[in-house]
Amino acid sequence: MPTDTALDTDTLLTWFAEHGRDLPWRRPDCTPWGVLVSEIMLQQTPVARVVPLWEEWLDRWPRPSALAAASQGEVLRAWGKLGYPRRALRLHAAAAAIARDHDDVVPADVDTLLALPGIGAYTARAVAAFAYGRRAPVVDTNVRRVVARAVHGAGDAGRPSTTRDMADVEALLPAEESRAARLSAALMELGALVCTARGPRCADCPVYDSCAWQRAGRPAYEGPAKPVQRYGGTDRHVRGLLLDVLRGTSDPVPKERLDVVWSRAGQRDRCLDSLLVDGLVEQTADGRFALPGEHR
DNA sequence: TAGGCGTGGAC
DNA sequence: TGTCCAAGCCT
């Protein structure tokens, strides 16, 4: 007789059909392009902050070629304070590649998606699954946590290993394509709504009865401590302050306008240099600074 | 592969 | 307040 119970994926699918959120990029009329934009925006960013910006972007740039026709500066300004603005530049570049090389149609093939800028192991499979109904292991932080608990009986996921993590999820996926795609969404949704990092709501969990973490008595996480991400006073902080100045003006600004945002000159200059290197800022012929692509 | 890369809300 | 966290990617 079996010593453990396989995760009840049928029940999870039923729960998702009833309790999954009605997010705009999940609606039947959403295009693959809409799904791709949502996935990039959602990287390390909460759903609530993405929704309004996603609506704005899809209205303004309904196809990859439309975004590709915009300047980098326009795109960065439209990205606003969503965070990690290099994502906007990479999405812009991906849109140009899709328009040029793929007839303005977002690819459905994982390897083709992986070749595009800003699209990694997670996003490529998320687009294949959610935009095209493909069977692909979609592994994000939610899924890693759900698998760690419900399958392995651990308190949380350890350090990521793309190969091992995808194999874990692959083993859970049903054979049928669209069903597998829905299970991937359901695993993520369970992690986002129920099997959360802090304060998991096990009493509301659809797979409580087949959860290995429950059977193990809900042991605490025992792996290596996760590194703390500081922000205040870091280069990321200063880069954010510098970019905020440039987003707020239509004309190039002299360096003095940037110098006032941070008192430590060495760090300030290093950050401005790194923004230039990253292509997030450009210098005009007369030495002023601006978002890229608008003042050549 | 470990660390850099924005931002703001929740507790 | 400070800490943790949020659908990762790139080097």
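Just so we're on the same page: letters track the sequence lines, and every chain starts at 1.
Less than 6.0 angstrom separates the ring centroid of A:W57 from the ring centroid of A:W79.
B:dG8 atom P lies 13 Å from atom CZ of A:R236, rounded to whole Å. When rounded to the nearest whole Å, the span between CG of A:D244 and C1' of B:dG8 equals 13 Å. Atoms CD (A:Q44) and P (B:dG8) sit 16 Å apart, rounded to a whole Å. Rounding to whole angstrom units, CG of residue A:D140 and P of C:dC5 are separated by 15 Å. Nucleotide C:dG8 holds its P atom 7 Å from the CG atom of A:N142, rounded to whole Å.
Within the model, atoms CD of A:E282 and CG of A:L246 stand 11.0 Å from one another, a figure rounded to the nearest 0.5 Å.
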Check nucleotides 9-11 of chain C against the protein and report each pair of N or O atoms closer than 3.5 Å, with its distance, or say if there are none.
{"unit_1": "C:dC9", "atom_1": "OP1", "unit_2": "A:G120", "atom_2": "N", "d": "2.8"}
{"unit_1": "C:dC9", "atom_1": "OP1", "unit_2": "A:G120", "atom_2": "O", "d": "3.4"}
{"unit_1": "C:dC9", "atom_1": "OP1", "unit_2": "A:T123", "atom_2": "N", "d": "3.0"}
{"unit_1": "C:dC9", "atom_1": "OP1", "unit_2": "A:T123", "atom_2": "OG1", "d": "2.7"}
{"unit_1": "C:dC9", "atom_1": "OP2", "unit_2": "A:Y122", "atom_2": "N", "d": "3.4"}
{"unit_1": "C:dC10", "atom_1": "OP1", "unit_2": "A:G118", "atom_2": "N", "d": "2.8"}

Extract from the structure each pairing of a protein N or O with an N or O of nucleotides 9-11 of chain B at less than 3.5 Å, listing the distance.
none

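Results of the salt bridge (Lys or Arg N to Asp or Glu O under 4.0 Å) test with A:D156 over A:R144, A:R149, A:K226, A:R218 single out A:K226 as the only residue that passes.
Between the side chain of A:T141 and the base of C:dG8, no donor-acceptor pair of N or O atoms lies under 3.5 Å.
When heavy atoms are screened at a 4.0 angstrom cut-off, A:R21 is found touching base atoms of the nucleic acid.
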